[in-house]
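Single-structure report; data block below.
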Amino acid sequence: MNEGITFQERIAATLSEQSSLSLAVWGAAVVLGVISLGYAAVDRPGLVIDNLIGGFVYGMILVLIALGLALILGLMNVVNFAHGALFMAGAYIAYHVVAVLGLSFWVALVVAPLAVGVVGILMEVLVLRRVYGQEPIVGLLATFGMTLMFQEAVRAIWGSTPLRFDTPALLDGPLSLGVTSVGKFRLFAVAVSVIAVVATYLIVTRTTFGLSVRSGVQDPEMSEFLGINIPLRFTAMFFLGATIAGLGGVLRGAEVGMQPDLGASFIILTFIVVVVGGVGSLFGSVVAGLLIGEAVFLFPLMIRAMADLTGLEFLAIRGIGGLVPYLVMIVILMVRPRGFFGTEGFLE
Amino acid sequence: MPERSGSRKQARIGRRTYIAGAGAAALTGLSGCLGNGEGDDTEGSGGDDTSGGTTTGEAGGGSSYKIGVITARSGSYSFLGEGELQGAKLAQKDLADEHGVDVEIVTADTETDPNTGLERMKRLVNEEEVDAVLGGVSSSVAIKMGNWASDNGVAYMAAGSHSDQTTGGKCAANMFRPTCSNSMLANALGSQMADYADSWYVMYADYTWGQTGRDAIKKSVKAQGGEITGEIGTPFPSQDYTQYLNEAANSGAEGLAVVIAGTDQRIVTEQFNDAGIDMKMAGPLFEESVFWGVGKEATSNVGVWAAPWAASSPSTEKGEAFKQRIADEFDASPFSRHYMGYTSMEQLVLAAERAGSTEGAEISAALEGHELEAPIKDGDVYWREGDHQLIQPVDTVEALPQDEMQDDPYKSWFKHTSTSAGDDVARSVADTGCSL
């Protein structure tokens, strides 16, 4: 019976069967998700709206924090573990500007990210130039070492007691959105995130500078042969990534204060955002940040609804919110091993 | 299973002989020269017959001890661990000045991970050869370290562990708790919460301290006629609590009980205020330093809290001086962790002095039932025999209006509202589940 079927045809048939099964499983999961979310929306409409908006805001904050990391990793192939430390430095420098020097928050919002950008230049020139072209682990270890140095420096200068600084009255308190209220400062952070994302995208894709950096990443020899100063452009790009990290730190520090491990608490999450979005894709990081933000806020409601619908109480796992980013990463990487918009061959 | 290293056991032989009265100087030299054959005498004999590793002086004035301070030096609780260390250092100074005892401190970082804490504890005991250990912020970390220490004959003060389990189902022979348990704090706070709001929603950190705190708060509020409308456990640590606050805001409760500590408590408070949630707030673990990171305006709205100790707590003459000395010595404001670190160090070393030994079992015997001669808190303070809880007065505090908050010579932003006697709020030993 099978004599007429070639080996290639058998493989193709098996893959087709598996693909159909996989599609069915994912389809069922999506249907279950929609039903449970719909039930939650009917059962607790106020909470679902609160969490829908809360998830978007949280997602955009994640996007801002991950943006600099995505930029440096995506364009320069450097796994910058010190990104969290730069983020933390932004918060502490802003504290110094506002609480110690007595200047305005608006001054800190400009000065602190630029100062962190300068720190980024020093990092790039003094350390990272020595690891370009080497295995990613080398850059990771170098930046991890710098993270420890930054943390201890912050502890030595500002101490380990939590600190905070005042924000303008304009940004204090909640803003009613009709269906729910959101902290004004969180909305401000969303606005800053949107501006940062758009500006970064335009710099990278629509300017000669961005074009020359991308050409340098793809073929450094040819780019230099054409007269492009690649080291200078890489330094400028690192400055940009560090500045965005500093900006995120200023906003986070202003919202909930700071302590020396501020960066460490976010660094893993930002790596997840970049990996889910696809290494090398700024747009992917935006999509991933928003997806993870919404998932963190909505998934617990969905499993609660599923438990109510089925009567299976064990489905409503308590405190699962912290695991959701990892679950999202597992699911996305199962479907798309390079993330949403990952580039073939990158870091492989 | 006892896991102490062989070299450690060799030192124990020397100490036991020393305790028997053979002469301190000669035995100090002997303990350094004993070979492996001597050490094998205690192999597998369990932990209770061990003693410390490096004490070289005689019992009484002139003794010296090597004490491990193992606490959170990084992570969400690092600033609390720093307070414990500073308190221990102040006690170190007083022990030298007032008792002629020389104490060497060796520090280690538990982070907020039980396995890391245990690994560092083993290193302190087996490699640094400390005589006794104190510290710990996270209860799950402290319990794991304390049980290992007890199994290996080392006295351990779970300086900042508040879970009921620490002196309850997971108590240990050589583990002591110098701060209040969750039950003590919740029982002291319960009547105030019931007066403050009729219904409460409980948000808690989902690990042993938060879980026992949740149970204690629910029981206490219900006993006072209050209503619990719901509860939610949160991952700890967490970067964002908005979704859990949304749940609370949609629960219909009048008040939010926050059983979350450290920098995360600060994030909760900030996000609670920023979201304009119209609920009252209370909590069973007041850590004043948390609110310094929140600012005066937000702090003035945080409601009522139970405090292991606070700058506004009624104190003895020694306690009042203690507040000022923390400010002078460390350029810091005194808060609960200073009290815990100080009491832990003082009590460990003075118990070793009374026992004439650094053996865990001997220190335990010297602590059990002992009433503190010079406590920081004003009231009866003693070590309960059945569960190793330091029975002590429990205070509640309430935020002051912004213009009444004190910043100089140290920060004190809360006013004292009540004190409950320790015996009135602590569970009975039979109820703790501890069987020592």
Side-chain angles (χ1 to χ4, degrees), chain A residues 44-51 53-55 57-58 61-62 65 151 155 159-167 171-176 180-186 252 254-262 264-266 269 293 296-301 304 317-324, chain B residues 73-83 111-112 204-207 210 231-247 249-251 262-278 289-298 330-333 335:
Chain A
R44 306 169 82 183
L47 183 57
V48 170
I49 291 170
D50 281 355
N51 278 6
I53 295 171
V57 172
Y58 180 58
I61 293 170
L62 288 182
I65 300 169
Q151 274 188 0
R155 213 183 292 274
S160 58
T161 302
L163 299 172
R164 72 180 301 279
F165 54 88
D166 291 332
T167 52
L171 300 176
D172 288 344
L175 182 72
S176 174
T180 187
S181 292
V182 179
K184 288 178 188 169
F185 197 87
R186 286 172 79 82
R252 178 70 182 179
E255 189 198 357
V256 297
M258 70 211 73
Q259 69 287 337
D261 70 330
L262 176 66
S265 62
F266 270 100
L269 203 51
V296 165
F297 275 64
L298 293 177
F299 189 68
L301 296 185
R304 176 73 261 171
I317 305 163
R318 289 186 319 188
I320 197 169
L323 285 179
V324 170
Chain B
R73 307 295 307 280
S74 60
S76 226
Y77 289 151
S78 59
F79 67 104
L80 302 177
E82 186 68 21
E111 301 170 12
T112 47
Y204 63 95
D206 205 1
Y207 72 100
E231 64 183 50
I232 189 163
T234 70
F236 183 88
S238 188
Q239 297 86 16
D240 196 289
Y241 285 88
T242 314
Q243 60 168 310
Y244 310 109
L245 290 167
N246 288 343
E247 291 261 4
N250 282 273
S251 69
T263 49
D264 284 47
Q265 189 183 93
R266 191 191 69 210
I267 295 172
V268 170
T269 308
E270 291 272 15
Q271 295 186 331
F272 176 89
N273 277 301
D274 285 347
I277 294 173
D278 187 21
S289 60
V290 166
F291 295 105
W292 302 334
V294 175
K296 288 182 178 175
E297 187 179 354
F330 304 108
D331 194 22
S333 292
F335 71 107

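Numbered from 1 within each chain, the chains take letters A, B, ... in sequence-line order. What you see is a predicted model, and the numbers here were worked out from it, not measured in a lab.
When heavy atoms are compared at a cutoff of 4.5 Å, A/Y58 approaches chain B solely by way of its side chain, counted from C-beta outward. Residue B/E111: no heavy atom, backbone or side chain, is found under 4.5 Å from chain A. Of the atoms belonging to A/L262, not a single heavy atom falls under 4.5 Å from chain B. In this structure, chain B has no heavy atom under 4.5 Å from any part of A/V57. For A/I61, no part lies under 4.5 angstrom from a heavy atom of chain B. Proximity to chain A (any heavy atom under 4.5 Å) is shown, for B/S238, by neither the backbone nor the side chain. For B/F291, no part sits under 4.5 Å from any heavy atom of chain A, backbone or side chain. Using a 4.5 Å cut-off between heavy atoms, B/N250 contacts chain A through its side chain alone, with no backbone atom that close.
B/D274 contributes atom CG, which lies 7.5 Å from atom OG1 of A/T167 (distance to the nearest 0.5 angstrom). Rounding to the nearest 0.5 Å gives a distance of 5.0 Å between CZ of A/R252 and CD1 of B/I267. Between B/N246 atom CG and A/I53 atom CD1 the span is 9.5 Å, to the nearest 0.5 Å. Separating the CG atom in A/D261 from the CZ atom in B/F79 is a distance of 9.5 Å, to the nearest 0.5 Å.
Minimum interatomic distance between A/P174 and B/G276 (heavy atoms only, all atoms of both residues): CG-CA, 3.6 Å. The minimum heavy-atom distance linking A/G322 with B/P235 is given by the pair N-CG, 3.3 Å. Listed here is the closest heavy atom pair of A/P300 and B/Q243: CG-OE1, 3.7 Å.
The candidate with the highest count of non-hydrogen atom pairs below 4.5 Å against chain A, out of B/S289, B/G83, B/G295, B/A332, is B/G295. For the set A/R186, A/Q151, A/R155, the count of heavy-atom pairs under 4.5 angstrom toward chain B peaks at A/R186. Each of B/T269, B/D240, B/I232 has some count of heavy-atom pairs under 4.5 Å with chain A, and the biggest count is that of B/D240.
Counting heavy atoms from C-beta on, the side chains of A/R164 and B/E270 come closer than 4.5 Å. Looking only at side-chain heavy atoms (C-beta outward), B/E247 and A/R44 come within less than 4.5 Å of each other.
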